[in-house]
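In what follows, a single structure is set out as structure tokens and then discussed.
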Amino acid sequence: MTADELREKFINFFIEKGHKQIPSASLLPENDPTTLFISAGMHPLVPYLLGEPHPLGKRLCSLQKCLRTGDIESVGDSFHQTFFEMLGNWSLGDYWKEDQIAWSFDFLTKILNIPAEKILITCFAGDSDAPKDEETAGLWEKVGIHKERIYFLNKSDNWWGPAGQTGPCGPDTEMYYDTGKEKCGPECKPSCDCGKYLEFWNDVFMQYNKTNGGKYEPLKQKNIDTGMGVERMLMVLNNNFDAYKLDVLWPVIQKIEEISGKSYEEEENKRPMRIIADHLRASVFILAEGIVPSNTEQGYVLRRLIRRSIRFGQGIGIKEPFTSLVAGEVVKIMGDTYPEVKNKEASIKEELSGEENKFSQTLSRGLKEFLRFFDKNKTFCGADAFFLYESYGFPFELTCELAAEKGCFINQEEYKKALEQHQQKSRTGAEKKFAGGLADQSETTTKYHTVTHLLHKALREVLGTAVHQAGSNITAERLRFDFTYPQKPTGVEIKQIEELINKQIEADLPVRVETMSLEEAKNKGALAFFEQKYGDRVKMYSIGEFSKEVCGGPHVSSTRAIGKIKIFKEESCGAGKRRIYAKIV
Ligand code: SER
């Protein structure tokens with residue numbers, strides 16, 4: 001089955017069950033200060049899972065582009081990816097377990113024709129916080145899954161959330177496929193990562209709220225949140241357990257074969273080719289969001305992905321610039337489903353080539369650094385090699401070769417140890433970032449969110465309608481806002497913008513929300529610059545008569561709650577784009 005067929009079958013199935021499709025949200029989280037990328041279909045829905053009404057109702061489904069940076073180093077095997085697509089359906093306090101399990105089973109066995117006896121199920125085993133989920137197991141048996149194929153696992157496997165320290169969470173039930181591989185041992189069962197069992201769909205029953213005191217209280221609004229990995233499901237449907245041979249990745253691998261003149265069938269080429277394909281696919285999507293390679297935040301992840309793919313390209317003997325050629329192939333495969341990559345193809349390729357160019361300069365700097373260090377110390381240890389890699393992106397293999405020429409052997413174990421220590425640190429950081437992020441709808445971020453609307457409007461009042469929002473990011477300390485504008489605003493203009501915003505805050509304007517079609521909202525003069533992500537019904541937030549904008553919320557109820565703001569920085573952030581920072585003082 002092709003990816004297109006699967007996407008369509010899933011969405012149509014849930015539309016027939018009364019769901020509305022929501023478009024894939026941007027890969028960059030909105031109003032979520034603590035995480036760099038959207039990593040699950042539920043991520044853009046957090047406010048609605050917490051009780052905010054969704055303009056499209058209580059039954060939703062989506063195809064969401066996702067990016068997980070936690071284990072970039074694991075990419076290279078047959079199934080890890082940084083970028084992936086997730087299909088999902090949601091009940092926001094509407095239907096519950098019985099419907100969801102019957103639908104999951106029907107979709108798998110009747111629409112996708114997977115034999116029921118190839119499916120295994122895991123349910124929550126129960127602990128002092130919540131009982132064993134016999135109900136869910138019983139429902140699976142009722143629809144036709146044999147008791148022997150239902151496993152009960154504990155919280156670490158069968159519980160999802162809360163996303164932050166507190167908030168909605170609950171037991172989940174996960175669906176696995178038996179690949180037919182030998183068991184790795186007598187204990188091998190679903191959740192074992194030997195590759196025998198492949199998890200492809202997760203139904204979360206968000207029925208608890210974890211309180212500050214660590215208690216799990218029944219939630220007023222019981223939600224269903226499901227996530228199906230497109231690549232995972234396609235592996236099952238095509239009985240092909242190498243994700244890179246699926247139609248969403250295989251042509252990219254073929255392109256890499258063509259450029260390198262090497263074959264993917266040679267075992268030693270598999271890992272580098274998978275890394276190049278995955279990393280450049282992810283890079284195309286990040287670039288399509290307007291992010292450019294840099295040394296901070298999303299730009300840093302992007303830079304790392306591009307540079308890793310270049311290094312692995314060199315490793316398989318690619319001598320000429322190649323990233324934009326591979327990107328072209330990604331655009332060909334994904335451009336119909338995600339028009340944003342097609343629309344930005346030229347600038348994506350340009351950025352990639354620019355980064356490739358810069359990286360070759362970096363490599364020559366790393367070489368100089370190696371020589372300088374070696375001449376001085378006459379030796380080079382594993383930790384030094386790691387330093388060279390971390391600081392200059394200088395490849396370990398290259399360091400080994402250079403050292404060997406000088407008659408020096410680098411201890412690989414020592415290098416690996418330094419690398420692992422570093423990975424451990426960054427992984428913990430990334431997890432913390434994700435964990436803290438999803439439920440972050442604190443009072444302060446809500447205030448900043450309303451300031452963003454005031455700022456957007458004020459910029460247009462003072463600088464004119466050439467100003468369009470190009471991105472925003474909020475932390476508990478400040479807001480950052482990117483917008484299109486060809487030149488640097490003057491100090492006087494910045495002052496005017498700041499004063500205009502503070503005037504609206506002092507006037508204590510009411511903030512109101514109405515639900516309507518996008519067309520209506522635009523007719524009423526609402527700003528709406530992210531067309532690709534709106535559904536057929538949208539929420540329009542008005543701040544007095546000053547600003548109208550299409551947005552998901554939440555916002556303060558009247559502007560005086562904000563206090564006072566100050567613009568403290570303004571800079572360029574790419575051709576024709578400016579970046580402005582403001583804080584509540
Ligand atoms: N939130 C769950 C997951 O990410 C289901 O969507 O797996």
Side-chain angles (χ1 to χ4, degrees), residues 6-7 10-11 13-14 19 21-22 24-25 27 29 32 35-50 54 59-71 79-97 99-101 103-104 107-108 121-124 133 136 153 155-164 167-177 190-191 193 197-210 219 221-233 236 430-431 433-440:
L6 173 63
R7 295 178 185 119
F10 184 96
I11 298 293
F13 181 85
F14 283 99
H19 293 64
Q21 182 180 3
I22 48 170
S24 175
L27 265 184
D32 186 346
T35 176
L36 295 179
F37 294 102
I38 292 289
S39 61
M42 56 76 72
H43 197 160
L45 290 170
V46 170
Y48 311 104
L49 293 164
L50 289 168
H54 193 283
R59 294 184 179 201
L60 307 173
C61 58
S62 78
L63 168 72
Q64 175 65 46
K65 44 186 177 178
C66 299
L67 210 133
R68 291 189 180 172
T69 55
D71 41 17
F79 62 94
H80 270 97
Q81 285 117 45
T82 45
F83 173 89
F84 64 100
E85 298 171 83
M86 195 185 272
L87 286 159
N89 65 288
W90 291 273
S91 158
L92 302 172
D94 192 26
Y95 57 86
W96 191 231
K97 292 182 178 178
D99 282 329
Q100 180 57 36
I101 288 169
W103 291 341
S104 294
F107 182 68
L108 295 174
I121 300 294
T122 61
C123 299
F124 179 52
D133 197 358
T136 296
L153 303 181
K155 232 192 204 115
S156 57
D157 285 304
N158 274 81
W159 187 276
W160 204 90
C169 57
D172 67 33
T173 180
E174 301 184 8
M175 288 149 262
Y176 284 81
Y177 185 78
S191 89
D193 57 13
Y197 301 107
L198 192 71
E199 187 216 331
F200 56 82
W201 199 359
N202 179 11
D203 291 353
V204 186
F205 306 117
M206 292 193 154
Q207 65 189 106
Y208 294 100
N209 181 36
K210 189 174 178 191
L219 204 64
Q221 173 179 316
K222 286 185 185 172
N223 306 297
I224 301 262
D225 154 36
T226 93
M228 174 190 279
V230 169
E231 288 82 359
R232 293 289 181 94
M233 194 74 251
V236 169
E431 274 159 19
K433 225 172 184 206
F434 182 61
L438 298 179
D440 195 83

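Note that ligands are numbered from 1 as they come in the structure, with each ligand's atoms numbered from 1 the same way. All heavy atoms count here, side chains included; hydrogens, waters and symmetry mates do not.
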Exercise. Look at the rings of Phe14 and Phe107 and say which category their plane angle falls in: under 30° parallel, 30 to 60° tilted, over 60° perpendicular.
Key: tilted
Practice problem: Could you tell me if the ring centre of His19 sits under 6.0 Å from that of Tyr95? | Solution: yes
Self-check item: For ligand 1, the residues whose heavy atoms come within less than 4.0 Å (ordered by chain, then number)
Solution: Ala40, Met42, Arg68, Met86, Trp160, Asn202, Val204, Asp225, Thr226, Gly227
Quiz prompt | Worked check of ring pair (Phe, Tyr, Trp, His ring centres under 6.0 Å) between Tyr48 and Trp90 | solution = CA-CA 10 Å; Tyr48 311 104; Trp90 291 273; over 10 Å; no
Quiz item: Run the side-chain hydrogen bond (donor to acceptor under 3.5 Å, both in side chains) check on Trp201 and Thr226 step by step: do they pass?
Solution: CA-CA 7 Å; Trp201 199 359; Thr226 93; 3.0 Å; yes
Practice problem: Under the salt bridge (Lys or Arg N to Asp or Glu O under 4.0 Å) rule, collect the residues that match up with Lys222, sequence neighbours excluded. | Solution: none
Self-check item: No-hydrogen, no-angle side-chain donor-acceptor test under 3.5 Å, Asp203 and Ser104
Solution: yes
